Amino acid sequence: MALKNNKYLKPFKNVFLLILVVFAVWMIFLDSNSWLIHHELNSDIDELEAEKEYYQKEIIKDKKAIKALSTEDGIEKLAREKYYMKKDNEDIYIIEYEDSIVKTRNDE
């Protein structure tokens, strides 16, 4: 007798409400196009867009480097700074500061 007049179970006696609840649960969790899958795909899209932006910035940086290397001065600058190349009549002195030297555990 108490179950028939229970105020918490009264909304579930409505057939349309039951159908709506079942449909909502189905669409959110069980369907192949569910909200969970859409949420996962949207997060993948965001990650890919961030990756795309990173690579576009790298392309711009590489184009600037290529443009700098297209001149003789740019090639000479790269050869001197990165590969420590020199002309025949020059001497190169590499100055290392104490705080720029990488220390290993044995050195400490």
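In this text, all values refer to a predicted model and were calculated from it rather than measured experimentally.
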Inter-residue atom distance Leu36.CG - Leu41.CG, 0.5 Å rounding:
11.0 Å

Calculate, to the nearest 0.5 Å, the distance between atoms CD and NZ belonging to Glu90 and Lys87 respectively.
6.0 Å

Kindly indicate whether the side chain of Glu81, heavy atoms from C-beta on, has any atom under 4.5 Å from the side chain of Lys77.
yes

Reported NE2-to-CH2 distance for the pair His38 and Trp35, which is rounded to 0.5 angstrom
11.5 Å

When you group the ILVMFWY residues by side-chain heavy-atom contacts below 4.5 Å and let the links chain together, are Trp26 and Phe23 in the same group?
yes

Do Lys52 and Glu47 sit within salt-bridge range, that is, some charged N less than 4.0 Å from a carboxylate O?
no

Measure the spacing between CG of Leu48 and OH of Tyr55 and express it to the nearest 0.5 Å.
10.5 Å

Output the distance between atom CE (Met85) and atom CG (Leu78), rounded to the nearest 0.5 Å.
9.0 Å

Consider only side-chain heavy atoms of I, L, V, M, F, W and Y, link residues closer than 4.5 Å, and tell whether Ile28 and Leu30 are in one cluster.
yes

Applying side-chain contact (heavy atoms from CB on, under 4.5 Å) between Lys63 and each of Ile60, Ile66, Ile59, report the one that passes.
Ile59

Taking atom CD of Glu49 and atom CD of Gln56, what is their separation to the nearest 0.5 Å?
10.5 Å

